[in-house]
Number of protein chains: 2
Amino acid sequence: MPKGRVEQRREGVREEIKQAARRLMAAHGTAGLSLRAIAREINMLPSGLYHYYGSLDELITALIVDAFNALADALEAARETAAGQSGAAMLLAVLEAYRRWAVDHPTDFQLIYGNPIPGYVAPREITVPPVIRGFSVIVGLIENLLQSGALEAVPPYDVIPPEIEAHLQMLIARDGYPVSARALFMGVLGWTQLHGIIMLEMFNHIQPVIGDVETLYRAQVVNLLKTLGLKTAI
Amino acid sequence: MPKGRVEQRREGVREEIKQAARRLMAAHGTAGLSLRAIAREINMLPSGLYHYYGSLDELITALIVDAFNALADALEAARETAAGQSGAAMLLAVLEAYRRWAVDHPTDFQLIYGNPIPGYVAPREITVPPVIRGFSVIVGLIENLLQSGALEAVPPYDVIPPEIEAHLQMLIARDGYPVSARALFMGVLGWTQLHGIIMLEMFNHIQPVIGDVETLYRAQVVNLLKTLGLKTAI
DNA sequence: CCTATACTTTGAACAGTGTTCAAATTATAG
DNA sequence: CTATAATTTGAACACTGTTCAAAGTATAGG
């Protein structure tokens, strides 16, 4: 395997570049993501990096995909860890893992859900699949709860606005997701509610008001499940 | 007034600089915020700007304060416009104005709630007051609803976690806010829920899933008020 | 009105950024 | 061992924020 060896070495350097990038990001925030700084870190000239990534944007895209996959991994791991417990407990564990990962990997989270790098726009066809991977964990658990009857839609969340239901049905049909529009709708609602807390926490807008954000988040998760119509206690 | 004339002219140039900055931001995103670009825009040398703002960060801070105040203005205006209607209708109008302003002023919103400028950290003592101004509009309306009896805390949102209640009480005592811990708690909960939608909309993460974000937002606002315990119909 | 003082603008320089490209070097394959 | 492919180099270009002394301009007092 002559070409295999070259390819393998190439992949190794690409990984080394990404690791240096993550190290710099962790140390100096998403602002520390400088091509020249990465080159310095691994004793390369700036121009040398262009043989591994066509541009800084391409490198950022790779980092984003990795981050989305790491987040999805964390959610799946939380689900597996709570596998023995009730469906509600599993969902709770997964939703807590969402914030946990964000708090533990702030720069990665900012990279994927903030607007960190000036001028950069993510190519959707590359970044969307790993996003769906993570989101599916949440929606899948909701779907199970709905089918088992542990979760039953109650007012006011029992009505899905027609335009939205139509779009969700289209999405399910087009991409072949094995879930109901109801589960998707609940997933999106819950996602946005929790995402707001994390986003405000990330940029330090909510600690001054609420003090302990972790407690607020947990309360919000529990309340969310209750208002969505969870029948069993958690 | 000799010094008044100088001061006035100085203030005029400062305003001109900010307007050029906003123009560039609107055109090229928060990334377009370049000191040299601003200087070019108003036919000045980069170094000249330093007589009006000590640094780019200082200019950004000024823009952020302006943005928070503009947001607060929009919320107050929405409240006044709906002044004749019920308290619930006023709150609904204000919450819709929150997203409206974000959608109409995306770069300003990203400037204050995103992580736009690498390396910049806002000086809290300057930026917090205008934040409170806007937030007070929401919390004030909630307080009125609570006192009039139109809003009554119901499960699960009737319980405030003890640690959070303690922190809120401290805040109220320290800064002398004329509101209850309950109103503040409800305000924060609502704020985070809606903020999540806007944040995800801003960075284009939710349209692909839900289609019409405006409908989702409106539904979320109404559902929020209902689950918080609003007794009257909207 | 004219000078002395304060305010403002200038221009050059420094250190940093992403990116391009031909040239030189190194490693691989026949 | 040589021909070929993969890499690394180094210089250059255009851009960024920031500093500072020098030059220019407007204002105030006599």
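Note on naming: letters A, B, ... go to the chains in the order of the sequence lines (proteins, then strands), and numbering restarts at 1 for each one.
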Among [options], which nucleotide sits nearest the side chain of [X]?
| X | options | result |
| --- | --- | --- |
| Ser47(A) | dG10(D), dT19(D), dT8(D) | dG10(D) |
| Ser55(B) | dT18(D), dG16(C), dT19(C) | dT18(D) |
| Ala37(B) | dG17(D), dT19(C), dT16(D) | dT16(D) |

Considering the options Leu141(A), Val137(A), Leu95(A), which one meets the side-chain contact (heavy atoms from CB on, under 4.5 Å) requirement together with Leu75(A)? Val137(A)

Any Arg9(B) side-chain N or O less than 4.0 Å from OP1/OP2 of dT9(C):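 For dT9(C), OP1/OP2 do have a side-chain N/O of Arg9(B) under 4.0 Å.
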
In this structure, is the centre-to-centre distance between the rings of Tyr113(A) and Phe68(A) below 6.0 Å?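 Ring-ring flag for Phe68(A)/Tyr113(A): true, centres closer than 6.0 Å.
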
Aromatic plane relationship, Phe135(B) with Trp191(B) - under 30° parallel, 30 to 60° tilted, over 60° perpendicular: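 Rings of Trp191(B) and Phe135(B): tilted, as their planes differ by 30° to 60°.
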
[atom1] of [X] versus [atom2] of [N]: gap in Å, rounded?
| X | N | atom1 | atom2 | answer |
| --- | --- | --- | --- | --- |
| Asp57(A) | dT20(C) | CG | C1' | 16 Å |
| Leu49(B) | dG17(D) | CG | C1' | 11 Å |
| Arg10(A) | dT7(D) | CZ | C1' | 10 Å |
| Leu56(B) | dC15(D) | CG | C1' | 15 Å |
| His28(B) | dC15(D) | NE2 | P | 13 Å |
| Arg14(A) | dT7(D) | CZ | P | 11 Å |
| Glu58(B) | dT18(D) | CD | P | 10 Å |
| Met44(B) | dG11(C) | CE | P | 13 Å |

Do Arg36(A) and dG16(C) share a donor-acceptor pair, side chain to base, under 3.5 Å? no

What is the nucleic acid contact for Tyr52(A), judged by heavy atoms within less than 4.0 Å: base, sugar-phosphate only, or nothing?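 Touches sugar-phosphate only.
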
Check: Ile38(A) and Met44(A) side chains under 4.5 Å, non-hydrogen atoms: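 SC-SC contact between Met44(A) and Ile38(A) ruled out.
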
If I take atom CD from residue Glu165(A) and atom CD1 from residue Ile172(A), how far apart are they, to the nearest 0.5 angstrom? 8.5 Å

Where each residue is assigned the nucleotide of DNA chain C containing its nearest heavy atom, which of His51(A) and Arg40(A) is assigned the position nearer the 5′ end? Arg40(A)

